[in-house]
Engineer: 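Would you mind keeping the following structure in view while I ask a few things?
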Amino acid sequence: MGYDFKKIENKWQRYWAKNQTFRVENQSEKPKFYVLDMFPYPSGAGLHVGHPLGYIASDIYARFKRHKGFNVLHPQGYDSFGLPAEQYAIQTGQHPAKTTQENISRYRQQLDLMGFSFDWSREVRTSDPNFYRWTQSIFLLLFDHYYCNDANKALPIQSLVDCFERKGNSCVNAVCSPSVDTFTAKEWEMFDQIKKQEILLDYRLTYLSEAEVNWCADLGTVLANDEIINGVSERGGYPVTKKKMKQWSMRIGAYAERLLKGLDTLDWTDSLKEMQRNWIGKSVGAKVFFQIEGHDQKIEVFTTRPDTIFGVTFMTLAPELDLVKQITHPDQKQIVDTYIDQTQKRTQRERMADVKNISGVFTGAYVIHPFSQERIPIWIGDYVLADYGTGAVMAVPCGDQRDYDFAKYFDIPIKNIFKGVSIAEEAFTDKSNTVLTHSDFLNDLSYQNAMVKVIESLEEKGFGKGTINYRLRDAIFSRQRYWGEPIPMYYKDGMPQPLDNTDLPLELPEVEKYLPTPEGAPPLGNATKWAWDTRSKKVVANERIDHQTVFPLELNTMPGWAGSSWYFYRYMDAQNSEALVSKEAVSYWKEVDLYLGGSEHATGHLLYSRFWQKFLFDLGILPVEEYAKKLINQGMILGSSAFIYRKSGSQTYVSSDLISDPHTLEPIRVDVSLVNASDELDLEGLKKWQPQFKNAQFELKEIVYKVNREVEKMSKSKYNVVNPDEICEQYGADTLRMYEMFLGPLEQAKPWNTAGISGVYSFLKKYWRLYYQNDQWVVTEKAPSKKALKILHETIKKVTYDIENFSFNTCVSSFMICVNELTAMDCNQKEILMPLTVLLSPFAPHITEEIWEQFGYDQSILNEPYPLVNEAYLVEDSKNYPVSFNGKMRFTLSLSLSLDHQAIQSAVLSDSRTAEYLQGKEPKKWIIVPNKIINIVF
RNA sequence: GCUCGGAUGGUGGAAUUGGUAGACACGUUGGACUUAAAAUCCAAUGACCAUUGCGGUCGUGCGGGUUCAAGUCCCGCUCCGAGUACCA
């Protein structure tokens, strides 16, 4: 009997489940190692071959580390709150919890088929009340803390209250909303409760505010910046507009600098770190205040080029600013109002698509230049964004291209303040090579020197201040959805009040409908039992609301990233009902040693989770400031869609090798399972697949219909999904695992192509035959040859090195070479084959278990690096040997395993031919490249 | 526009980081075994020239440079991918 993968895989998967083989304890003599995957959202479509790529890689690494003697934590769970389950619920009325449960079961089934070594006893689900109870708890902690810039960490809000009572807020250096006014201790005492709460809300790390949000009407919810792509929603591609709403936000900006600095300590790819750096968007510059003519108020601008302040010829404000209406001159009111109206009507997408069109209007108002006292006209224009900086720009057309274009378009004067530079065509934006002129006290200074001097002067005269600005904006935390974590807040006198930690979890209420209410409230507004009784500490029916002891609860839920921002700590202690994770567990596991996931989370999950980490670190709950020192991004596996071509308006389809004029043809996607590896379409299958093809006619060149292929994202709607279950059925899980690794470098995106899988499959069959031939096990105790040992140890060396560098594709190649050579030598000694099995087992765990059962398991070999062959000799028949030039001599050496330079040197020197070339001279310098070439300088 | 990647046979991709370019696999061609098929095994396979020899020439997107030696390092381009986008 040959290699019966079905029998073997089935047997071991059951064995592992029954014996809980991969269960891991929170204490051990061994060193610990934590391998984490980004947990999946269990969608209704199930897994396709792209999903497991990262899981296979992490599983290989986890199994390898176990062999190396580590206590390995390798858990898995589900990010099970989310929009698709809710949308499905809206359409069908099925409770999202039910569909989610079904999807999870299906996922689990598929994951088990691939033989992953997860410790399922630690499974987490973000939608489980026992889990989200702690997500809510973290929310309450954020609510109960503020960020102190002096201590550079989060502190309890009570310490802020103490400070207000003693000295007011002028001495407080904390991160807060820009609207906060200064007050004294006395004034604080005089404020009523509501006012006090309002002020505190301006400091809390999670706060409620009237915010301009990205509203997506089709989804009925607010979206975060990273959920919008090209001005439309990431999910569904619906238009997004701006809208003002009361929203919970997270003061992530407080951590901007630490999030930026922390990147330097992380072993992540440069591109990913760069993405986060850009997203945080630090820019160094200055705030400058411009007095408005005839008003008390000043306009505050942020600029990175305060050195060009004498080049200012106008100001531009974002049309959304409230200030605009206050300062607009009556003569200009109509035109300004019309303009504001227009911009508000435009969606974000239209505004973005329209970058080239310059628009704006003059307000009729002026500011006074702080240094020159010149009158400077104030314009509004939609190239200025309300939510970056202060929403106001000091326009320097000679030094900024957008200001330049705006000035040219509206015929505003342009003042050149750069010596020896022409600005007739475009602005001069080069900072490295400037000399200022027409700039009063900054004349003849370079960029660097002028920056220092102007900021000094601004601060001295009170005209401004050196400032650092971040692009990173506070993250909106409210979602108008049902299927998310309830926010544990109730409302008393319009002010939010937290539940106690001991009252958690605040469980999701049942609702009749999952749509927003007719009044436009979020879906939780449909719940009839959604009020908080402060005496019984229980959720009670809405009709009992009396605003004395029973209050309405918050209707918004948390966004998708809430649970995923800390789930990896829950795995350490998943059943704990006392704390989100116990001190013992967290001090043992500490942090994730290897995190694997897609780079699409660069500015979402991977940033938010770092923020929560730093916050919980400040509170002493977590022991480290960065939870994942090492991160690998697996590349996406893409689908290879198949297209057929219909003649417009007919039922005739033209084979792709006959196409001459593509314009008369409509491309139509067909299911890839109907197409073979040579791009030939199964016509009978197609006719059965969809009724529209039943009476189709085909124009063929040969006897087959050829399709065209195109690489795109794998998705059900593109009919290009390849299912891992089918591959497991046909070739087995071990083949699938190895083939996915063999496909190419882990981090690279690549199209799925089943064509090459037979190579890996025949490798495993060949491997099996090393142990099992003619219906019996054939491994012997005979001593192996030196040559066989060399092959083995070369493979151990190479594969060990490659696994540690996540180069799994070359590992598979090394295995193939090894088995090919061993087969050719007819090699079946136990001393060779057993170590090989240990080495291969992370990749193909089922087949290797089967072999261990027969011959036992010996891991020691992985910890003994290539001890057996360590000598060097010169290749006899090398055509290069020896070559002499310019006083250097080149040799070719054999024997890869010798890293011992002494051995190599003595091998060379003891050769008679060497003496001939050296002619008695002592070698001065050796350049040794093992197994390659050595240079000797003499 | 800016930032970061990348470009190697018919295809996916190797190349120990400056040391025999094309490992390994797919595909293709030929052969063995079979009544036949499947499975398995063997051989050839970058291009061109010579194939009555062993061999030779060119070759890692393009153009230069450094070096005894460059796919790899430096300078200047071209094309492709990803991220980001009026960020003042």
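Chain letters run A, B, ... following the sequence lines, proteins first and then strands; every chain starts at 1.
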Engineer: Classify the glycosidic conformation of G59(B) as syn or anti, calling it syn when the angle lies within 90° of 0.
Structural biologist: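 Judged by the O4'-C1' to base torsion, G59(B) sits in anti, the angle falling more than 90° away from 0.
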
Engineer: Going through the distances and angles, do Phe763(A) and Tyr739(A) end up as a side-chain contact (heavy atoms from CB on, under 4.5 Å)?
Structural biologist: CA-CA 11 Å; Phe763(A) 159 76; Tyr739(A) 184 58; over 6 Å; no

Engineer: Starting from C1' on A82(B), measure out to CD on Gln634(A) and report it in whole angstrom.
Structural biologist: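 Going from Gln634(A) (CD) to A82(B) (C1'), I get 15 Å.
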
Engineer: With a cut-off of less than 4.0 Å, is there a side-chain N or O of Tyr388(A) near OP1 or OP2 of A88(B)?
Structural biologist: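 Yes, because at least one side-chain N or O of Tyr388(A) sits under 4.0 Å from OP1 or OP2 of A88(B).
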
Engineer: Paired with G27(B) by Watson-Crick or G-U wobble geometry, both distances under 3.5 Å: which nucleotide is it?
Structural biologist: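 G27(B) is paired with U45(B).
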
Engineer: Need the pair for C68(B). Rule: Watson-Crick or G-U wobble, both distances under 3.5 Å, any strand; none if unpaired.
Structural biologist: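 Pair assignment: C68(B) / G19(B).
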
Engineer: Can you tell me if Lys415(A) has over 12 outside heavy atoms packed within less than 6.0 Å of its NZ?
Structural biologist: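 Yes, because the 6.0 Å sphere around NZ of Lys415(A) holds more than 12 heavy atoms from other groups.
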
Engineer: What's the OH-P distance between Tyr761(A) and C24(B), to the nearest Å?
Structural biologist: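 My rounded result for the distance is 23 Å.
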
Engineer: Strictly below 4.0 Å: does Asn753(A) bring a side-chain N or O up to OP1 or OP2 of U11(B)?
Structural biologist: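 No, Asn753(A) has no side-chain N/O under 4.0 Å of OP1/OP2 on U11(B).
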
Engineer: To the nearest Å, give me how far apart CZ (Phe742(A)) and C1' (A14(B)) are.
Structural biologist: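 Rounding to the nearest Å, CZ of Phe742(A) and C1' of A14(B) are 10 Å apart.
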
Engineer: Rounded to the Å, how far apart are Ile817(A) CD1 and A15(B) P?
Structural biologist: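 Checked: the CD1 to P distance equals 11 Å.
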
Engineer: Phosphate oxygens OP1/OP2 of G13(B): is one of them under 4.0 Å from a side-chain N or O of Lys750(A)?
Structural biologist: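 Result: no.
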
Engineer: Which nucleotide, C86(B), A25(B), A23(B), lies nearest any side-chain atom of Leu385(A)?
Structural biologist: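 Out of C86(B), A25(B), A23(B), the nucleotide with an atom closest to Leu385(A)'s side chain is C86(B).
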
Engineer: Under a plain distance cut-off of 3.5 Å, with no hydrogens placed, do Tyr608(A) and Thr603(A) share a side-chain donor-acceptor pair?
Structural biologist: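 No, no side-chain donor-acceptor contact under 3.5 Å.
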
Engineer: Take the protein atom CD of Glu600(A) and the nucleotide atom C1' of U84(B), then report the distance between them rounded to whole Å.
Structural biologist: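 Glu600(A) atom CD is separated from U84(B) atom C1' by 16 Å.
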
Engineer: Taking the minimum atom-to-atom distance to the side chain of Trp279(A), which one of A85(B), C24(B), G27(B) wins?
Structural biologist: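 The listed nucleotide nearest to Trp279(A)'s side chain is A85(B).
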
Engineer: Could you check whether Ser271(A) gets within reach of a base, just the sugar-phosphate, or nothing at all, counting any heavy atom under 4.0 Å?
Structural biologist: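 Since only primed, P, OP1 and OP2 atoms lie under 4.0 Å of Ser271(A), the category is sugar-phosphate.
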
Engineer: More 5' along RNA chain B: Gly391(A) or Met275(A), using each one's nearest nucleotide?
Structural biologist: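 Looking at the nearest nucleotide for each, Met275(A) comes out on the 5' side.
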
Engineer: Determine the interatomic distance between P on U3(B) and the same-named atom on U67(B); round to the nearest Å.
Structural biologist: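 Approximately 31 Å lies between the P atom of U3(B) and that of U67(B).
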
Engineer: Taking the six-membered ring for Trp, are Phe463(A) and Phe290(A) closer than 6.0 Å centroid to centroid?
Structural biologist: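 No: the rings miss the under 6.0 Å criterion.
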
Engineer: Could you check which nucleotide pairs with U3(B) in any of the strands shown, counting Watson-Crick or G-U wobble with both distances under 3.5 Å?
Structural biologist: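 Pair assignment: U3(B) / A82(B).
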
Engineer: Take atom CZ of Phe763(A) and atom P of C26(B), then tell me their distance rounded to the nearest Å.
Structural biologist: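 In whole Å, C26(B) P and Phe763(A) CZ are 13 Å from each other.
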
Engineer: Measuring only the C1' atom in each nucleotide, how far is A15(B) from C48(B)? A whole number of Å is fine.
Structural biologist: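 Roughly 25 Å separates the two C1' atoms.
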
Engineer: C68(B) and A14(B): how far apart are their C1' atoms, nearest whole angstrom?
Structural biologist: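 Nearest-Å result for C68(B) against A14(B) at atom C1': 26 Å.
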
Engineer: Using atom P in both nucleotides, what's the gap between A25(B) and C80(B) to the nearest angstrom?
Structural biologist: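 Per the computed distance, 35 Å lies between those P atoms.
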
Engineer: Closest approach of Ile299(A) and Ala392(A), non-hydrogen atoms and distance?
Structural biologist: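 That closest heavy-atom pairing would be CG2-CB, 3.8 Å.
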
Engineer: Provide a list of protein-nucleic acid N or O atom pairs under 3.5 angstrom, restricted to nucleotides 41-45 of chain B.
Structural biologist:
| residue | atom | partner | partner atom | Å |
| --- | --- | --- | --- | --- |
| C41(B) | OP1 | Arg769(A) | NH2 | 3.4 |

Engineer: Using 4.0 Å as the upper bound for N to carboxylate O, is an ion pair formed by Asp264(A) and Arg277(A)?
Structural biologist: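 Answer for the salt bridge query: yes.
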
Engineer: From the options A39(B), A14(B), A88(B), select the nucleotide whose nearest atom is closest to the side chain of Thr304(A).
Structural biologist: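 So the nucleotide nearest the side chain must be A88(B).
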
Engineer: Does the side chain of Asn820(A) get closer than 4.0 angstrom to OP1 or OP2 of A25(B) through an N or O atom?
Structural biologist: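 So the side chain of Asn820(A) is within the cut-off, an N or O lying under 4.0 Å from OP1 or OP2 of A25(B).
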
Engineer: Sort and list the pairs that fulfil side-chain hydrogen bond (donor to acceptor under 3.5 Å, both in side chains) and have at least one residue in residues 306-319 of chain A, not counting sequence neighbours.
Structural biologist: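 Pairs touching residues 306-319 of chain A that pass the test: Arg305(A)-Asp307(A), Thr316(A)-Tyr383(A).
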
Engineer: Please measure how far the P atom in G61(B) lies from the corresponding atom in U52(B), and state the result in whole Å.
Structural biologist: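 Taking atom P in both G61(B) and U52(B), they lie 35 Å apart.
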
Engineer: Is the glycosidic torsion of U17(B) within 90° of 0, making it syn, or is it anti?
Structural biologist: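 Glycosidic conformation of U17(B): syn.
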
Engineer: Just compare U3(B), C86(B), A14(B) and give me whichever is closest to any side-chain atom of Asn278(A).
Structural biologist: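 Of the options given, the side chain of Asn278(A) lies nearest U3(B).
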
Engineer: Check the angle between the aromatic planes of Trp768(A) and Tyr3(A) and answer parallel, tilted or perpendicular using the 30° and 60° thresholds.
Structural biologist: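 Tilted, since the angle between the ring planes falls between 30° and 60°.
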
Engineer: When you compare G10(B) with A47(B), how far apart are their P atoms, in angstrom units rounded to a whole number?
Structural biologist: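 The answer is 7 Å between these two P atoms.
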
Engineer: The side chain of Gln748(A) is closest to which nucleotide in this list: G13(B), A39(B), A25(B)?
Structural biologist: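 Looking only at heavy atoms from C-beta outward on Gln748(A), the closest nucleotide is G13(B).
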
Engineer: Considering only side-chain heavy atoms of Ser758(A), which listed nucleotide, C26(B), A23(B), A85(B), is closest?
Structural biologist: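 Output: C26(B).
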
Engineer: Quickly work out the Asp802(A) CG to A15(B) C1' distance and round it to whole Å.
Structural biologist: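 It works out to 12 Å between those atoms.
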
Engineer: What is the distance from CD of Glu274(A) to P of G81(B), rounded to the nearest Å?
Structural biologist: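 Atom-to-atom, Glu274(A) to G81(B), this comes out as 21 Å.
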
Engineer: Please compare Tyr470(A) and Val812(A) by the position of their nearest nucleotide in RNA chain B and report the one closer to 5'.
Structural biologist: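 Looking at the nearest nucleotide for each, Val812(A) comes out on the 5' side.
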
Engineer: Can you tell me the base-pairing partner of G9(B)? Count Watson-Crick or G-U wobble geometry only, both distances below 3.5 Å, and say none if there is no partner.
Structural biologist: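 Pairing partner, where one exists within any strand: none, as none qualifies.
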
Engineer: Please give the distance between the P atoms of C74(B) and G19(B) as a whole number of Å.
Structural biologist: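 So the two P atoms sit 15 Å from each other.
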
Engineer: Please tell me if Ser283(A) has a side-chain N or O lying less than 4.0 Å from either OP1 or OP2 of A88(B).
Structural biologist: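 True: Ser283(A) side-chain N/O within range (under 4.0 Å) of A88(B) OP1/OP2.
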
Engineer: Side chain of Thr810(A), heavy atoms from C-beta onward: which of C86(B), G13(B), A15(B) has the nearest atom to it?
Structural biologist: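 Closest of the options to the side chain of Thr810(A): A15(B).
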
Engineer: Considering every strand shown, what is the Watson-Crick or G-U wobble mate of U40(B) when both distances are under 3.5 Å?
Structural biologist: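 Paired with A32(B).
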
Engineer: Expressed as a whole number of Å, how far does the P atom of A23(B) sit from that of U11(B)?
Structural biologist: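 Per the computed distance, 14 Å lies between those P atoms.
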
Engineer: In terms of the angle between their ring planes, are Phe806(A) and Phe808(A) parallel, tilted or perpendicular, with boundaries placed at 30° and 60°?
Structural biologist: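 It falls in the perpendicular class, over 60°.
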
Engineer: Would you indicate whether Lys713(A), at its atom NZ, is surrounded by more than 12 heavy atoms from other residues, nucleotides or ligands within a distance under 6.0 Å?
Structural biologist: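 Not more than 12 within 6.0 Å, no.
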
Engineer: So does Met741(A) have more than 12 non-hydrogen atoms from other groups sitting under 6.0 Å from CE?
Structural biologist: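 Yes.
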
